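Please read the structure below before turning to the comments.
First listed ligand is number 1; within each ligand, the first listed atom is number 1. Keep in mind that this is a model prediction, so the values were computed, not measured.
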Amino acid sequence: MNEINENTAVDYGPLTLLIGDWQGDKGLDVAPEPGGREENPYFESLSFSAIGNAVNAGTQKLAVLRYHQVVSRKVDGEIFHDETGYWMWDASNATVMHSLAIPRAVCVLAGGPWATQEDAGDRVSLLVAAKLDDPDWGIVQSPFMRDHARTLEFRQEIVVERDRLTYREMTLLDIYGKTFEHTDANELTKVQ
Ligand code: HEM
C-alpha cells in the first residue's frame, strides 16, 4: 500500500525552498476570449506544506509538498483562479513532478529532470512540462473541455531565490477555433 509518512527526516531536495506561504501582486494573466484575448493583472496567495514521503510499489520514494494557489483579479478583487495539487521529488531519478487540478475539470501531471549543478543552495529553478497524449507527462480533461476548450500542453518554470519566488507558465489551448497561448506569471515574496 502507498503511504505518506510525516516525519522530520524527509529530504525535499530542490522543493525545500518552496515550503511556506507566499504572496504576490505583480501577476499578469493572458486568457482567451471569443473575439481574441483578455489581460488580467492579479494578486495571489500560494502555500506549500511539506507532507512527508510517499512510497510507491515498495521501491519508489517521493518527497511530497501539497500546495494551494488562490488568484484574484486586481480590478475587482474577485477570485478567478483556484488551483491545488502536489509537487513531488524523486531523488533516485532526479525528477521533479507537479500534479495540478483546476475546477474547470482539467488535471495535469507535469514532470521534468533536475540537475543538482543547475542551482546553488539558496536558489532553485524547477522546470516541468506535460502534453496531451504524452505517455509520461499528460493531461486529463472532461469531455466538454476536450471538445470545446482543450488543453494541449502545459509548461511551467518556478525560480526561488531565498524569500523571492517567480513563476511563468504557458497553457496551450485549442479554443474558439484556434490555438491560444494562455500565460500566467507572477513574483511573490515569502510571508513570515
Ligand atoms: C494564475 C493562473 C491562471 C489564471 C489566473 C487563469 C485565468 C483564466 C481566465 C481568466 C480564463 C478565461 C475564462 C473566461 O473567459 O471565462 C481562463 C481560461 C482557461 N484556463 Fe486558465 N488561468 C490560470 C491557469 C490555468 C492553468 C494552469 C490551466 C490548465 C493547465 C488553465 C486552463 C484554462 C482553460 C482550459 C481555459 C479555457 C476555458 C474558457 O475560457 O472557457 N488555466 N483562465
Open item on the list: Quick one: does any side-chain atom of E181 pair with a main-chain N or O of T171 as donor and acceptor, under 3.5 Å?
Closed with: no
- [ ] Show which atoms of ligand 1 fall inside a sub-4.0 Å distance from at least one heavy-atom site of E83.
- [x] 27 (C)
Open item on the list: Just to check, does R150 reach to within less than 4.0 Å of ligand 1 when the distance is taken from its heavy atoms?
Closed with: no
Open item on the list: Keeping Y67 on the side-chain end and E83 on the backbone end, is there a donor-acceptor pair under 3.5 Å?
Closed with: no
Task: Which residue and heavy atom of the protein sit nearest atom 22 (N) of ligand 1, plus the separation - done: H182 NE2, 2.8 Å
- [ ] Measure the distance from atom 12 (C) of ligand 1 to every protein heavy atom, then report the residue, atom name and distance (to 0.1 Å) of the closest one.
- [x] A31 CB, 3.7 Å
Open item on the list: Within ligand 1, which atoms have a heavy atom of T151 less than 4.0 Å away?
Closed with: 35 (C)
Task: Minimum-distance pair of heavy atoms, taken over all atoms of N186 and G24 - done: ND2-O, 3.5 Å
TODO: For atom 43 (N) of ligand 1, decide whether some protein heavy-atom distance is shorter than 4.0 Å.
DONE: yes
TODO: Name the closest protein heavy atom to atom 19 (C) of ligand 1, giving the residue it belongs to and the distance to 0.1 Å.
DONE: R104 NE, 3.5 Å
TODO: Check whether any side-chain N or O of D82 sits under 3.5 Å from a backbone N or O of V70 as a donor-acceptor pair, and report yes or no.
DONE: no
Open item on the list: Does any N or O of ligand 1 fall below 3.5 Å from an N or O anywhere on Q69, backbone included?
Closed with: no
Open item on the list: If I compare all heavy atoms of G112 with all of V128, which pair ends up nearest, and what's the gap?
Closed with: N-CG1, 4.0 Å
- [ ] Number the atoms of ligand 1 from 1 as they appear, then name those within less than 4.0 Å of a heavy atom of V108, with their elements.
- [x] 30 (C)
- [ ] Say whether H148 and ligand 1 are in contact under the criterion: heavy-atom distance to a ligand atom below 4.0 Å.
- [x] no
Open item on the list: So, 4.0 Å and heavy atoms of Q156: is ligand 1 close enough to count as a contact?
Closed with: no
Task: Test item: K190 side-chain N/O and L18 main-chain N/O as donor-acceptor pair under 3.5 Å - done: no
Open item on the list: Keeping H182 on the side-chain end and V30 on the backbone end, is there a donor-acceptor pair under 3.5 Å?
Closed with: yes
Open item on the list: Within ligand 1, which atoms have a heavy atom of M145 less than 4.0 Å away?
Closed with: 35 (C)
- [ ] Please check if the side chain of N93 supplies one atom and the backbone of T95 the other of a donor-acceptor pair under 3.5 Å.
- [x] no
Open item on the list: Is the contact between N186 and ligand 1 made by the side chain, the backbone, both, or neither, using heavy atoms and a 4.0 Å cut-off?
Closed with: neither
Open item on the list: Checking E187 against R168 for the salt bridge (charged side-chain N to carboxylate O under 4.0 Å, His left out) test, could you report, in this order, the C-alpha distance in whole Å, the side-chain angles of both residues, the deciding distance, and whether it holds?
Closed with: CA-CA 9 Å; E187 183 183 323; R168 56 198 175 96; over 6 Å; no
Open item on the list: Taking 4.0 angstrom as the limit and counting only heavy atoms of Y42, give me the atoms of ligand 1 inside it, by number and element.
Closed with: 1 (C)
Open item on the list: Determine whether any protein heavy atom is located less than 4.0 Å from atom 14 (C) of ligand 1.
Closed with: no
Open item on the list: Could you check whether any heavy atom of E33 sits closer than 4.0 Å to an atom of ligand 1, since that is the contact criterion I want to use?
Closed with: no
Open item on the list: Whether the side chain of T16 engages the backbone of P14 through a donor-acceptor N/O pair (distance < 3.5 Å, no angle test) should be reported.
Closed with: no
Open item on the list: I need the atoms of ligand 1 closer than 4.0 Å to a non-hydrogen atom of L173, numbered in the order shown.
Closed with: 34 (C), 35 (C), 36 (C), 37 (C)
TODO: Would you mind listing which atoms of ligand 1 come within a distance below 4.0 Å of any non-hydrogen atom of D184?
DONE: 1 (C), 2 (C), 3 (C), 4 (C), 5 (C), 22 (N), 23 (C), 24 (C)
TODO: Taking only heavy atoms of N40 into account, list the atoms of ligand 1 that are under 4.0 Å away from them.
DONE: 10 (C)
Open item on the list: Under 2.8 Å from atom 21 (Fe) of ligand 1, is there any N, O or S atom belonging to H81?
Closed with: no
- [ ] Please report which non-hydrogen protein atom sits nearest to atom 32 (C) of ligand 1, along with the residue it belongs to and the distance in Å to one decimal place.
- [x] I102 CD1, 3.5 Å
- [ ] Decide whether Q69 and Y167 meet the rule of one side-chain donor and one side-chain acceptor closer than 3.5 Å.
- [x] yes
TODO: Classify the contact between E44 and ligand 1 as side chain, backbone, both or neither, using a heavy-atom distance cut-off of under 4.0 Å.
DONE: neither
- [ ] Considering only non-hydrogen protein atoms, determine which one is nearest to atom 40 (O) of ligand 1 and report residue, atom name and distance to 0.1 Å.
- [x] I175 CD1, 3.7 Å
Task: Any donor-acceptor N/O pair, D90 side chain to L62 backbone, under 3.5 Å - done: no
Task: No-hydrogen, no-angle side-chain donor-acceptor test under 3.5 Å, T183 and E169 - done: no
